[in-house]
Amino acid sequence: MATTISIADIANYEGQEVTLQGWLYNKTGKGKLQFLKVRDGTGIVQCVAFKKEMPEEAFEVARRIPQETSLLLTGMVRKDERAPGFPGGYEIGITQLDVIQEAEEYPIGHKEHGVEFLMENRHLWVRSPRQWAILRIRATVIRAVRDWLDDHGYLLVDTPILSSSAGENSTDLFEIDYFGQPAYLAQTGQLYNEANMAAFGKVYCFGPTFRAERSKTRRHLIEFWMVEPEMAFFSLEDLMDAEEAFVMYIIQQVLEKHRPELEMIGRDLGPLESIAAPFARISYDEAVERLNALAAETDDPERKSLLEIEWGTDFGSPHETAIAEMFDQPVFVYHYPTACKAFYMQPVEGRPEVCRSVDLLAPEGYGEITGGSERIFDLDLLQRRIQEIGIDPENYKWYLELRRFGGVPHAGFGMGIERTVAWICGLPHIRETIPYARMLTHLTP
RNA sequence: UCCUGGAUAGCUCAACGGCAGAGCAACCGGCUGUUAACCGGUAGGUUGCAGGUUCGAAUCCUGCUCCAGGAGCCA
């Protein structure tokens with residue numbers, strides 16, 4: 001009985017007889033010689049069925065079976081430069097072949113398909129090499145996130161997904177029936193993080209978040225995964241230092257572990273490899289100046305009006321892209337107008353119209369991947385802010401109470417996993433960065 | 001919610017007022033090194049839905065449905 005192996009480990013079995021269990025990915029034939037590309041979840045290997053080297057009925061099976069048939073095969077591993085696959089360079093000379101389930105006509109062929117069709121068949125699309133590579137990179141991004149935080153003194157403290165009131169504001173929340181009273185799906189774990197940081201110092205939560213926004217762009221999901229670290233005694237500058245190291249680690253891990261996958265999906269590695277700390281840091285004031293300067297020297301009136309910005313308004317997507325394009329590195333933009341940001345952000349000393357907030361914009365037009373700030377820790381100030389923006393203090397009772405029992409300066413940020421993966425993989429659309437994207441028009445599969 | 005574009009064979013598309021077609025997939029046959037194999041053959045259609053104009057509509061008009069991209073909002 002031959003050893004059952006994973007394709008990823010095939011190089012260790014050269015010259016040995018092995019068993020493989022997997023699915024037929026593709027087949028090309030030439031009469032008495034059939035090339036079966038088989039995948040097993042860890043990789044793809046070319047298996048060669050040659051009529052003279054195997055039982056007659058097994059060869060007939062090799063000739064007949066369609067794409068995605070599940071199978072069990074045995075054969076000799078040999079090195080061959082011509083053999084395609086992942087990792088490639090090895091192939092298996094089949095001596096025995098058994099079908100587990102012969103597939104019906106498989107909808108996803110090896111030609112191009114439209115977005116609508118692929119999304120309807122997402123449960124099958126995840127098998128395609130490109131999607132397979134992207135989702136493996138996603139898993140590594142998530143692991144790098146967890147490892148870096150765990151290794152730097154942050155404790156994972158989970159925050160609830162169901163809650164009785166809004167996190168930051170009451171719009172774009174999914175409301176559900178919670179035994180007769182309204183409840184909402186979390187759009188952030190941040191308020192709970194602030195309670196947890198006072199217990200554990202440095203904490204983070206990681207999980208799905210929900211935004212009921214009718215957004216229809218390549219950067220938006222209704223359900224997306226966010227990691228949110230929150231740190232006691234952190235200033236805005238500490239926050240930027242941490243984010244910088246954190247993002248660098250994630251990129252290094254992906255480059256180290258997934259070079260073949262990145263090449264497989266056609267990612268230009270140059271811009272990614274050249275990412276290095278320190279990242280640029282500019283103030284909102286400077287960003288507005290730079291945008292208006294750029295608009296001034298732009299001839300195209302349409303683009304000009306997209307770039308022009310009045311101080312005090314938040315950046316639109318064209319602004320973010322334009323700022324990011326001014327740098328080869330990710331760029332921090334800090335001290336946004338207080339009016340544009342959440343109520344709990346700490347105003348700048350002596351200049352309350354701006355706050356101690358910072359967004360990190362990814363290069364190559366990928367926009368905002370993190371957003372964070374120093375939080376208000378003074379009770380009176382926070383109460384005043386709640387009153388100013390007109391939300392019900394009753395909903396923030398426990399949150400306010402954190403400021404009664406040892407309030408300290410603290411800061412935190414949130415990073416969108418899917419946007420980060422989209423940037424690292426160089427993808428045109430965020431829908432490929434999550435196994436089953438929830439979007440305005442996609443709830444199935 | 002708004003703006004723009006689209007819907008034709010299982011898939012990707014062509015035909016743009018005059019016989020609805022190709023490639024891939026499927027099926028049959030050939031081929032000992034294929035890389036989206038190739039070669040020959042077969043089958044495959046309520047042209048998104050409803051109405052209108054016309055001798056004649058996939059094509060022009062009206063309404064609707066669905067999809068995509070973008071804006072706003074955000075990570």
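Chain naming here is simple, since letters A, B, ... match the order of the sequence lines and numbering starts at 1 in each. Just so it is clear, the structure is predicted and the values come from calculations on it, not from any experiment.
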Inset, instruction - Decide whether a cation-pi geometry holds between A:Arg419 and A:Trp423; the criteria are a distance under 6.0 Å from NZ or CZ to the six-membered ring centre and an angle within 45° of the ring axis. - result: no

Inset, instruction - Please measure how far the P atom in B:rC24 lies from the corresponding atom in B:rG18, and state the result in whole Å. - result: 28 Å

Legend entry - Over 12 non-hydrogen atoms of neighbours within 6.0 angstrom of NZ in A:Lys79: no

Inset, instruction - Would you mind reading off the distance between A:Glu116 atom CD and B:rU12 atom P, rounded to a whole angstrom? - result: 9 Å

Legend entry - Same-atom distance (C1') from B:rA9 to B:rG48, integer angstrom: 15 Å

Inset, instruction - For B:rA68, take OP1 and OP2 only and decide whether either is under 4.0 Å from a side-chain N or O of A:His442. - result: yes

Inset, instruction - Output the single nucleotide from B:rG33, B:rU34, B:rU1 whose closest atom is nearest the side chain of A:Leu33. - result: B:rG33

Inset, instruction - For B:rA14 and B:rU47, measure between their C1' atoms and round to the nearest Å. - result: 13 Å

Inset, instruction - Please tell me which of the listed nucleotides, B:rU34, B:rA75, B:rA25, lies nearest to the side chain of A:Phe35? - result: B:rU34

Inset, instruction - Describe the nucleic acid contact of A:Thr420 in one word from base, sugar-phosphate, nothing, applying a heavy-atom distance below 4.0 Å. - result: nothing

Inset, instruction - Take atom OH of A:Tyr106 and atom C1' of B:rU12, then tell me their distance rounded to the nearest Å. - result: 17 Å

Inset, instruction - With the side chain of A:Lys32 defined as its heavy atoms from C-beta on, choose the nearest nucleotide among B:rC31, B:rA68, B:rG33. - result: B:rC31

Inset, instruction - Could you give the distance separating B:rA57 and B:rA50 at their P atoms, to the nearest angstrom? - result: 15 Å

Inset, instruction - Would you mind telling me which residue lines up with the more 5' stretch of RNA chain B, A:Thr441 or A:Leu360, judged by nearest nucleotide? - result: A:Thr441

Legend entry - B:rC73 phosphate, OP1 or OP2, under 4.0 Å from A:Ser317 side-chain N/O: no

Legend entry - Donor-acceptor contact present, side-chain A:Glu374 to main-chain A:Leu236, <3.5 Å: yes

Inset, instruction - Among the candidates B:rA71, B:rU34, B:rA75, find the nucleotide nearest to the side-chain atoms of A:Leu221. - result: B:rA75

Legend entry - For atom CD1 of A:Ile222 and atom C1' of B:rA75, their distance in whole Å: 13 Å

Inset, instruction - Using the P atoms only, state how far B:rC66 lies from B:rC49, rounded to an integer number of Å. - result: 15 Å

Inset, instruction - Give the rounded distance in Å between these two atoms: NE2 of A:His113 and P of B:rC13. - result: 11 Å

Inset, instruction - Indicate, with a heavy-atom threshold strictly under 4.0 Å, whether A:Pro107 touches base, sugar-phosphate, or nothing. - result: nothing

Legend entry - Rounded distance (Å) that lies between atom C1' of B:rC74 and atom CD of A:Gln187: 10 Å

Inset, instruction - Could you tell me the separation between the CD1 atom of A:Ile108 and the C1' atom of B:rC24, rounded to a whole number of Å? - result: 14 Å

Legend entry - Closest non-hydrogen atom pair, A:Gly41 against A:Trp132: O-NE1, 3.0 Å

Legend entry - Under 4.0 angstrom between A:Lys111 side-chain N/O and B:rA36 OP1 or OP2: no

Inset, instruction - Calculate the interatomic distance between A:Arg419 atom CZ and B:rC73 atom P; express it in whole Å. - result: 13 Å

Inset, instruction - Check if the side chain of A:Ser215 and the base of B:rC74 share a donor-acceptor pair of N or O atoms closer than 3.5 Å. - result: no

Legend entry - Nucleotide B:rU34, atom C1' - distance to NE2 of A:His110 in whole Å: 13 Å

Inset, instruction - Pick base, sugar-phosphate or nothing for A:Glu53, based on heavy-atom distances below 4.0 Å to the nucleic acid. - result: nothing

Inset, instruction - Using the six-membered ring wherever Trp is involved, compare the ring planes of A:Phe210 and A:Phe174 and label them parallel, tilted or perpendicular (cut-offs 30° and 60°). - result: perpendicular

Legend entry - Distance, P atom - from B:rA22 to B:rG44, rounded to whole angstrom: 13 Å

Inset, instruction - Please examine the side chains of A:Tyr336 and A:Phe315, heavy atoms only from C-beta on, and report whether any two atoms are closer than 4.5 Å. - result: yes

Legend entry - Contact under 4.0 Å: A:Arg431 side-chain N or O vs B:rG69 OP1/OP2: yes

Inset, instruction - Report yes if a side-chain nitrogen or oxygen of A:Arg219 is closer than 4.0 Å to either non-bridging phosphate oxygen (OP1 or OP2) of B:rA71; otherwise report no. - result: yes

Legend entry - Check: A:Leu173 and A:Leu185 side chains under 4.5 Å, non-hydrogen atoms: no

Legend entry - A:His429 vs B:rG69: side-chain N/O to OP1/OP2 distance below 4.0 Å: yes

Inset, instruction - Assign A:Arg130 to base, sugar-phosphate, or nothing according to its heavy-atom contacts below 4.0 angstrom with the strands shown. - result: nothing

Legend entry - Toward the 5' end of RNA chain B, by each residue's nearest nucleotide, A:Gly31 or A:Gly109: A:Gly109

